[in-house]
*Asks:* 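Have a look at the structure that comes next, please.
Values below: every heavy atom of this structure, side chains too, minus hydrogens, waters and symmetry copies.
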Amino acid sequence: MRRRADGAGAGGGEGGGTGGKGGARGDLATDVTASLVVFLVALPLCIGVAVASGVPAELGIISGVVGGLVVGAVRGSTLQVSGPAAGLAALVAETVAEVGVAMLGVIVLFAGLLQIVLGLVRLGRMFQAISVAVVQGMLAGIGVPLMFSQAYPMADAKAPGTPIENMAGIPGLLADILTDPQAMIATLLGVVTIVLSFVWKKVPGPAGKMPAALVAVGIGMVVAALPGMDVKTLQVGNLLASVQVPGAEQFARLTDGAVITAILTFTVIASAESLFTAAAVDRMHSGPRTRYNTELIAQGAGNTVAGILGALPVTAVVARSSANVQAGAKTRLSRTLHGLWLLAFALLLPQVLALIPISVLAGVLVHSGWKLFGPAEFPKMWRQDKGEFAVMTTTTLVIVATALLEGVLFGLAAGIVLAALRMSQTVVRRDVEEDTAKVVMAGNATFLRLPKVIEALEAAAASGKPRIRLDLTGVTHLDHACRSQVEEFTAQQRGLGLRVELLMPGEAKPAVTGAGPVHEGPAPGPLPRRPVAAAAAWEPAEAVEPAETVAPSPWPTADAEWFYLDTRPLPEERASHSPFVG
């Protein structure tokens, strides 16, 4: 019964009565058709990501197969599609250049195992707590280097290396293109691919529903086959022969710091990208929502298998997921079948892959990099929140200048500092009346506002008045740094002979009548507590009486300004030493 209910929710047409079987057959046909669409989108992307990652194209196809058959079969998300992602291409290329392609399997394997552990301890939703500004900055920081790095394969050239070097080498690349006819042809194929990626969806009729990447690949194959064309095409070998199972030599390098760093980086970035994509895909359809912990386990299982096979890391990918939703998929069958079609194509028709120009695949990835960069998001973020804009821009710049992990960590730190500054809103007012310097504080007083607090205290001490009154009863949170500073200041000034009135948060204030002295002696009874909301942080809950039984308080309300006046005469020995008493 539960399975039928779930199917009805996902399919939308599988209700009761006689229409159930017809609805099921309709969903099956739609899912098969959707899987073919996803396959057509995934094929050039899997190959292109592998080429951009600096590994054989076969490893990208293997990861696409794993993303379909392994991740797609687990009930974490319904319509989200997984495979090798352009967002990790730069990270993979950097890792392969540092530790070698043979270590890629071990890194991906252990990243997958860590993902499974994170899912089992139910930390899947933890990744949703990351600031949106950091996520968008991360995506932009991935997209910019991807575009510049793929500009070189688009001209059948080799990229110099780091993102900064790639950017600096663009003028020289343009000069080489203008002097080499074959490089110019390859570049034109890449440019046509980029243009088609932007405008093809606007083509009317059934043709506009075809994937733009597939159309570009078809055009590129035709042009490359023309006489006199000498553009570089994809070199594809045997799929099964490309499997590189890690051996003892690779596992022995697990103590290498670079390998451990790569494992942690792959785990965090792949998990975050997958779960952020899940949230985006859930907004595209009205079917069952993603089970985040289960989906994280599914991604971990996929990466574990991909690591054993020595392939690229697997993550959820927006382009293929979007194509799946737009094709009308209803169940997990479509995303699972697309992996089967990838496997069949690579095994039965490998010679077709060898006809694809590399410049076309590079053009597909340049378009993906532009989408990841999302330049329209920067002015949008500026209008919405300038602080978050600073976090987003900083994250992007640090990633481009250094590496992905450093940029993300820097962005997270910047986001935390921004949140702490905004939470630590302290209002400090200073005033001087007759012989008294007053300092009133309200809000959240944390170490981030300590300079402002110290400035106010020093100004009160420098006022030359014999009395200082510090009212902190309006403070909702007083951390240890600010509390220590206030108490040290109070003790210091009292030691100099000044009268310092200190009212801390949660303290009741004695009543003051007129200007006469305070009566000494036993109090007539317990004083009622002033109903200050902020006092709850320091007072036990049982000390607050029900509202209907509390008599009108003789104390001022929370927003009133008043102070207990200490009218005792100054001790002579202290008054003579005070620099503020004439």
Side-chain angles (χ1 to χ4, degrees), residues 420 422-461 463 465-494 498-520 523-547 549-568:
R422 288 179 169 175
M423 291 177 63
S424 181
Q425 295 293 335
T426 308
V427 177
V428 181
R429 287 182 292 178
R430 303 193 299 264
D431 191 17
V432 177
E433 291 183 358
E434 298 179 354
D435 63 346
T436 304
K438 299 192 305 180
V439 177
V440 182
M441 293 174 54
N444 296 320
T446 69
F447 69 95
L448 295 172
R449 302 297 180 183
L450 194 55
K452 188 175 183 179
V453 173
I454 294 175
E455 180 184 1
L457 296 178
E458 290 177 347
S463 65
K465 301 299 181 182
R467 294 183 176 87
I468 299 176
R469 299 173 184 171
L470 308 178
D471 185 358
L472 278 65
T473 54
V475 174
T476 55
H477 174 68
L478 184 68
D479 74 352
H480 178 72
C482 287
R483 178 183 289 270
S484 299
Q485 183 65 40
V486 170
E487 291 175 347
E488 289 173 7
F489 173 83
T490 301
Q492 181 185 32
Q493 297 303 316
R494 285 174 177 170
L498 273 70
R499 300 178 191 174
V500 182
E501 255 342 287
L502 175 60
L503 292 171
M504 300 296 281
E507 293 182 356
K509 299 180 180 181
V512 178
T513 57
V518 176
H519 296 284
E520 297 182 359
L527 295 173
R529 293 186 181 271
R530 181 166 63 89
V532 181
W538 293 272
E539 297 176 6
E542 59 268 20
V544 181
E545 298 180 6
T549 62
V550 178
S553 173
W555 318 132
T557 58
D559 57 350
E561 289 187 33
W562 68 281
F563 301 88
Y564 166 51
L565 178 61
D566 185 357
T567 58
R568 292 174 296 177

*Asks:* Can you tell me how far apart NZ (Lys465) and OG1 (Thr436) are? Round to the nearest 0.5 Å.
*Replies:*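 Between atom NZ of Lys465 and atom OG1 of Thr436 there are 8.5 Å.
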
*Asks:* Do Leu472 and Leu478 pass the side chain to side chain contact (heavy atoms under 4.5 Å, CB included) test, and can you show the C-alpha distance, the side-chain angles, and the key distance before you say yes or no?
*Replies:* CA-CA 9 Å; Leu472 278 65; Leu478 184 68; 4.0 Å; yes

*Asks:* Sequence neighbours excluded, which residues qualify as salt bridge (charged side-chain N to carboxylate O under 4.0 Å, His left out) partners of Arg422?
*Replies:*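 Counting only residues at least two positions away or on another chain, Arg422 forms a salt bridge (charged side-chain N to carboxylate O under 4.0 Å, His left out) with Asp385.
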
*Asks:* With side chain to side chain donor-acceptor pair (under 3.5 Å) as the criterion, how do Thr473 and Asp471 come out once you've worked through the C-alpha distance, each side chain's angles and the decisive distance to 0.1 Å?
*Replies:* CA-CA 6 Å; Thr473 54; Asp471 185 358; 2.6 Å; yes

*Asks:* Taking all non-hydrogen atoms of both residues into account, name the closest pair between Phe489 and Ala461 and its distance.
*Replies:*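 Heavy atoms only, the tightest pair is CE1-CB, 3.8 Å.
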
*Asks:* According to salt bridge (charged side-chain N to carboxylate O under 4.0 Å, His left out), who are the partners of Asp479, at least two apart in sequence or on a separate chain?
*Replies:*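 Testing Asp479 for salt bridge (charged side-chain N to carboxylate O under 4.0 Å, His left out), a comparison that skips the adjacent residues, returns none.
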
*Asks:* Could you give all pairs that pass the side chain to side chain donor-acceptor pair (under 3.5 Å) test and reach residues 447-461, with sequence neighbours left out?
*Replies:* none

*Asks:* List the atom of Leu448, the atom of Ala420, and the distance in Å for their closest heavy-atom pair.
*Replies:*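 Heavy atoms only, the tightest pair is CD1-CB, 3.3 Å.
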
*Asks:* Decide side chain to side chain contact (heavy atoms under 4.5 Å, CB included) for Ile468 and Arg499; before the verdict, give the C-alpha distance in whole Å, the side-chain angles of both, and the deciding distance to 0.1 Å.
*Replies:* CA-CA 6 Å; Ile468 299 176; Arg499 300 178 191 174; over 6 Å; no

*Asks:* Checking His477 against Thr446 for the side chain to side chain contact (heavy atoms under 4.5 Å, CB included) test, could you report, in this order, the C-alpha distance in whole Å, the side-chain angles of both residues, the deciding distance, and whether it holds?
*Replies:* CA-CA 8 Å; His477 174 68; Thr446 69; 3.9 Å; yes

*Asks:* Is a side-chain N or O of Ser463 found less than 3.5 angstrom from the main chain of Ala460, in a donor-acceptor match?
*Replies:*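 Such a contact is found between Ser463 side chain and Ala460 backbone.
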
*Asks:* With a 4.0 Å cut-off on N to O distance, would you call Arg467 and Glu501 a salt bridge?
*Replies:*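 Salt bridge between Arg467 and Glu501, a charged N being under 4.0 Å from a carboxylate O: no.
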
*Asks:* Under the 3.5 angstrom rule, does the side chain of Arg494 hit a backbone N or O of Val500 as a donor-acceptor pair?
*Replies:*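 Flag set: sc Arg494 to bb Val500 pair under 3.5 Å.
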
*Asks:* What's the spacing between Leu503 CG and Leu470 CG if we round to 0.5 Å?
*Replies:*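 It is 8.5 Å, given to the nearest 0.5 Å.
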
*Asks:* Could you walk me through whether Gln485 and Leu457 pass the side chain to side chain contact (heavy atoms under 4.5 Å, CB included) check?
*Replies:* CA-CA 9 Å; Gln485 183 65 40; Leu457 296 178; 4.2 Å; yes

